[in-house]
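Just follow the structure's listing: the first ligand is 1, and inside any ligand the first atom is 1.
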Amino acid sequence: EKQRRTRNFAIVAHIDHGKSTLADRILELTDTVAKRDMQDQILDNMDLERERGITIKLNAVELTYHAKDGVDYVFHLIDTPGHVDFSYEVSRSLAACEGALLVVDATQGVQAQTLANVYLAIDDDLEIIPVINKIDLPSAEPEKTKKEIEDVIGLDTSDAVEISAKSGFGVEDLLEEIVQKIPAPKGDIEAPLKALVFDSIYDDYRGVVLSVRLYDGVVKPGDKIRLMNSGSEYEVTEVGVNSPKPLQRTYLMAGDVGYITASIKDITKTRVGDTVTDADHPTEKALPGYREMIPMVYAGLYPTDNAKFDDLREALEKLKLNDASLEFEPESSEALGFGFRCGFLGLLHMDVVQERLEREFGLDLITTAPSVTYHVDLNDGSTIEVENPSEMPDVSSIKDIKEPFVKASIMVPNDYVGAVMEMCQDRRGQFVTMEYLDDARVNVIYQMPLSEIIFNFFDKLKSSTHGYASLDYELSEYRQSDLVKVDILLNGDKVDALSFISHKQFAAGRSREIVKKLKGIIPRQNFEIPIQAAIGATIIARTNIKAYRKDVTSRIHTGDPDRRAKLLEKQKRGKKRMKAVGKVDIPQEAFMAVLQTD
Ligand code: GTP
């Protein structure tokens with residue numbers, strides 16, 4: 001029967017080790033995509049993913065592999081992202097699989113994020129096939145890489161497959177290995193429907209499209225289904241698979257990975273991790289679902305045009321359907337008006353959300369500098385959580401402030417250990433331990449304040465190690481620190497969206513850099529603008545933006561109204577990503593200036 005011929009697997013790897021390239025080769029070898037339709041990284045179908053060359057969203061495709069034993073196998077391949085911000089997506093794709101390919105670049109070896117992702121697969125009891133990639137490169141060291149996988153991860157590599165995802169060498173052997181080693185799904189077709197929703201998107205015509213993995217039973221159009229957590233019921237309108245374009249089917253059965261539509265218009269009723277069952281013959285117990293992700297950083301998102309607030313809310317709701325880790329609630333700022341405080345898993349996640357909102361929903365946004373969540377003990381004995389620096393209470397009422405610390409693992413070649421340790425010390429890191437992976441590489445572990453990691457740590461790490469270091473971190477605990485709130489005043493007015501929290505020791509230095517940065521970013525006006533940084537009533541840094549001398553339009557003689565109109569139009573467009581605060585226009589970069597200090 002069909003189940004015995006089905007293999008569900010994911011590809012996990014560190015960023016850039018070649019997952020998407022391998023997925024492309026597999027699609028090609030199985031003739032899933034005709035050669036002429038082939039384009040690089042075909043699974044990365046978000047424009048943003050192609051442009052940045054990274055995978056953000058998981059993606060599932062069905063393909064048929066004609067194996068050496070003469071049997072046609074049905075493969076469901078799930079691509080996964082490799083960046084530390086997206087391990088949530090990885091755990092979701094793994095839950096839909098029986099096996100995983102662990103792709104390791106033979107020129108780079110095991111990286112911090114590889115470890116994190118492969119442990120997720122091991123926790124899920126998946127069969128793991130080690131795949132050594134890029135063996136076409138002269139600097140490839142397949143034997144050393146295998147030994148590293150055995151020593152560091154503890155996986156047997158005697159069956160590891162050596163491939164070049166680029167040339168296609170070894171990929172056929174890998175497909176055979178998938179057939180041999182990855183177990184077929186074991187669901188009961190006769191049992192009531194039980195399917196896991198591992199992703200969903202909103203389609204204007206079909207409503208919510210649920211990506212599902214069926215564990216038991218069968219589903220077909222006309223069936224009445226129930227989403228077990230939300231309790232809502234719908235009639236199935238269509239089922240199918242992605243191959244990689246959507247392909248309608250008459251039914252989906254236990255073991256299959258595909259999609260279901262049921263004219264679901266209310267997007268708040270569908271949650272990733274929910275269980276779909278038959279409304280008339282429900283299964284007894286829902287699947288375990290996913291653990292809730294805790295956002296690590298928060299930032300304010302504001303439409304440049306205040307009238308777009310409702311559009312922003314609708315866009316966030318639709319995005320959340322597809323990205324369950326996104327959190328948001330309305331907030332208002334004196335400077336920026338009405339917007340949302342959003343929680344993200346990390347900085348890349350924040351960047352991606354902002355860009356998706358702008359591209360997919362046509363919004364113009366101002367994002368404030370990201371902040372972590374502080375736990376503040378007040379003198380009256382109560383404790384509050386502060387996600388927005390401008391909401392930090394007055395010093396006089398604060399007993400102490402605790403901030404999140406993370407355990408950061410940094411894998412780095414020996415030569416760079418000194419530089420990395422210095423970077424961590426400079427950012428209030430506390431050394432924990434150092435493990436030698438082999439004679440050339442070290443895993444350095446530090447306890448670091450998360451807020452210091454937000455301040456450009458990742459980029460600095462990359463540049464000071466020529467791209468050789470990899471970073472992974474997890475929340476460890478909240479610790480008390482000597483922190484202060486710094487306010488920024490423009491033209492004497494406090495701009496709440498520019499306030500930030502800093503360690504006392506860094507407050508003056510950072511403030512001086514920030515006012516200098518702002519001076520370069522904020523356009524001149526026809527009056528002088530003082531910029532000040534203050535802790536409470538004490539000014540700790542200041543500078544001035546000089547007034548400009550002439551009005552740009554005054555030089556154009558009224559004889560050419562056309563030209564004047566054009567010029568004004570040009571000025572208006574330049575202002576798009578600006579927000580007028582009092583009499584001063586503040587461009588988007590200004591809100592990020594606080595992140596760009598050294
Ligand atoms: P994310 O999607 O961002 O997680 O990255 P990825 O792991 O999917 O990496 P991707 O497939 O985009 O490959 C990264 C780079 O390595 C690309 O420039 C590929 O062309 C290159 N690459 C992948 N496989 C091979 C290989 O076998 N040999 C060589 N020489 N280059 C390869």
So the atoms of ligand 1 within less than 4.0 Å of a heavy atom of Asp136 turn out to be 26 (C), 27 (O), 28 (N), 29 (C), 30 (N)
Classify the contact between Leu22 and ligand 1 as side chain, backbone, both or neither, using a heavy-atom distance cut-off of under 4.0 Å. neither
Check: Leu287 and Tyr215 side chains under 4.5 Å, non-hydrogen atoms: yes
For atom 10 (P) of ligand 1, which of Val103, Thr21, Val12 has the closest heavy atom? Thr21
Asp69 meets the side-chain hydrogen bond (donor to acceptor under 3.5 Å, both in side chains) criterion, sequence neighbours left out, with Tyr73
Element-labelled atoms of ligand 1 that are located less than 4.0 Å from some non-hydrogen atom of Leu137: 30 (N)
With respect to Gly18, determine whether any N or O atom, backbone or side chain, lies less than 3.5 Å from an N or O atom of ligand 1. yes
Which option, Lys134, Lys166, His17, owns the non-hydrogen atom nearest atom 15 (C) of ligand 1? Lys134
Between Arg441 and Glu148 (salt bridge meaning N to carboxylate O under 4.0 Å), is one present in this structure? yes
Below a 4.0 angstrom heavy-atom separation, can you tell me which part of Asp16, side chain or backbone, both or neither, approaches ligand 1? both
Check: Ser164 side chain, Ser167 main-chain N or O, donor-acceptor pair, under 3.5 Å: yes
Subset of ligand 1 atoms that lie under 4.0 Å from at least one heavy atom of His14: 7 (O)
Do Thr157 and Glu150 have side-chain N/O donor and acceptor atoms under 3.5 Å apart? yes
With sequence neighbours excluded, tell me which residues meet ring pair (Phe, Tyr, Trp, His ring centres under 6.0 Å) with Phe9. Phe75
Assess whether atom CZ of Phe431 is packed by more than 12 heavy atoms of other residues, nucleotides or ligands within 6.0 Å. yes
Distance-only N or O hit between ligand 1 and Ala13, under 3.5 Å: no
